[in-house]
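This report concerns only the one structure given below.
Chain letters run A, B, ... following the sequence lines, proteins first and then strands; every chain starts at 1.
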Amino acid sequence: MTSTTNRRQQPIQRPKGTQDIFLDKVALWHAVERTATQLLESAGYSEIRTPVFESTELFKRSVGEDTDIVNKEMYTFEKGDRSLTLRPEGTAGVVRAFIEQGLHRQPKPLKLFYSAPMFRYERPQAGRQRQFHQFGVEVFGADSPAADAEVIQLAMRLFERLGLPNLVLEINNIGDSASRQQFRESFCQLIEPVLLEFCDTCQTRFHTNPFRMLDCKNSACQEHYSEPTVARFLASEWTSEASQKHYTQVTTILDYLKIPYQRNHRLVRGLDYYNATVFEITSTHLGAQNTVCGGGRYDSLVEQLGGPSTPAVGWALGMERLVSLVEDCALPALDYYIVTDQHASALALADQLRQQGKSVEVDLTARAFGKQLATANKRHAHSAIILGEAEASSGQLQIKFLSSGQQIEQSRDDLLKSCKLPEA
RNA sequence: GCGGGUGUUGCCAAGUGGUUAAGGCCCCGGAUUGUGAUUCCGGUAUUCGUGGGUUCAAUUCCCAUCACCCGCCCCA
């Protein structure tokens, strides 16, 4: 048959590694975002919104030319004579805005947060999408250990508020670039004789970024690090004296705040801009992609991107991963569900109640009141307001408390008065 | 980019080379035209991810493709 005229149109699917978020799921996202936003705003952080795409050059210069993110995971496209890239992470754009908008002239420290989609071209997997969302914080202009401790404290408190126990905070000090350069040389000298015993990727990393060898998951590679000479070298205080002092103070504050952590001297990060404090927060309920939150200090990035020398520290957390951990949380309940066949009057009442700060839904069908009550129950409404013909003309409403089944009569005016918010 | 697994309705699923593709949840209608969470009755897949092949006949067999899942890798 050559006829294709009555063949059904092929539905268009969403691009691989992307998601539609709706109904209960989006309510959960809102709850998590609201909790995070409230916590951060209560600590003096303010939101920053930056473009979804930036100059490709920005990411090359900040994230690092040798990283996997820049090498093989960026969505880059050319327009006119410029190369643009969908942001693969949030810090670079925030730092660019910090410099471009002259935010270094704001009172220090400047504390910012963002919540935004990110894009990386990777093979999708549980907890790893091509479009994913990060919530992040950045503190500019504070070099004290208190800044490191505060951002960690806020991350841990956020997880606590969301009811997530059993998260593990790991922390490490990776020193400044000079000591890291020295460490790198000594490390390479030490490893070179046995380099051929490492896995292929480690052998590549030996030349590009030897630090990444340290967190290789291959057990054969890890065995080399338990050999006495190597182990002693790794555990040695190879970082600068200043960064050691800083690190000690950060952990002292964490102890004081009773925030549990594990030191992990093999913890390194995949982005080039970090120095001194680095940390990760992981969960055992996430499968292979178990990092919920990661971050650290990046004291030279602002200057490296052309701004005035400004110390900074921050983290980012993966919203999809976080939301998947919070899945059991109760959804916010509805205050009133209006059961009615008098829609004009019901819409007006709902409007007035909402102005008093109540959450209200009006039944928009013309179904029997019994069906409407059943819907009110499904919406987990606290109470149903029955507004039929009799109530509309008398102004006396029937209020039914759905948990007890008890029903009272109340005038429209009294109802509005009783839920009036206190004067500011 | 590499290896392994899966794909039946909004969701969870059973099933077979051959008349109308189980069942449960959700949704919708009714019993009950103004009072819910229980109960009872009824309804909802021209179709088995998509495309092609083998066959008299394909959801079932074969190939390709797409999507998802689990690893590698990477990171939030």
Worksheet item: Can you give one letter per nucleotide of nucleotides 26-37 of chain B, going 5' to 3': B for a protein heavy atom under 4.0 Å from the base, S for sugar-phosphate only, - for none?
Response: -SSSB---BBBB
Worksheet item: Under a 4.0 Å heavy-atom cut-off, which of residues 67-75 of chain A touch RNA chain B?
Response: A/D68, A/E73
Worksheet item: Contact class for A/L271 vs. all strands (heavy atom < 4.0 Å): base, sugar-phosphate, or nothing?
Response: sugar-phosphate
Fill in: Ring centers of A/F183, A/F211 separated by less than 6.0 Å
yes
Practice prompt. Would you mind reading off the distance between A/Q289 atom CD and B/A76 atom C1', rounded to a whole angstrom?
Written response: 9 Å
Discussion item. Using a 4.0 Å heavy-atom cut-off, does A/A376 contact any base of the nucleic acid, only the sugar-phosphate backbone, or nothing at all?
Written reply: nothing
Item to complete: Could you measure between the two P atoms, the one in B/C11 and the one in B/C48, and give it in whole Å?
Response: 16 Å
Practice prompt. Could you tell me whether A/R269 contacts a base, only the sugar-phosphate backbone, or nothing, with contacts defined as non-hydrogen atoms closer than 4.0 Å?
Written response: sugar-phosphate
Fill in: Side-chain donor/acceptor of A/R128 to base of B/C73, under 3.5 Å
yes
Worksheet item: What's the CD-C1' distance between A/Q125 and B/G5, to the nearest Å?
Response: 14 Å
Worksheet item: Aromatic ring centroids of A/F98 and A/F140 under 6.0 Å?
Response: yes
Discussion item. Over all strands shown, is A/G90 touching base, sugar-phosphate only, or nothing at heavy-atom distances under 4.0 angstrom?
Written reply: nothing
Discussion item. In this structure, how many angstroms lie between the C1' atom of B/C68 and the CG atom of A/D20, rounded?
Written reply: 14 Å
Fill in: Dot-bracket encoding per residue of RNA chain B, Watson-Crick/G-U cut-off under 3.5 Å, | denoting interstrand
(((((((..(((.....[....))).(((((.......))))).....(((((..]....))))))))))))....
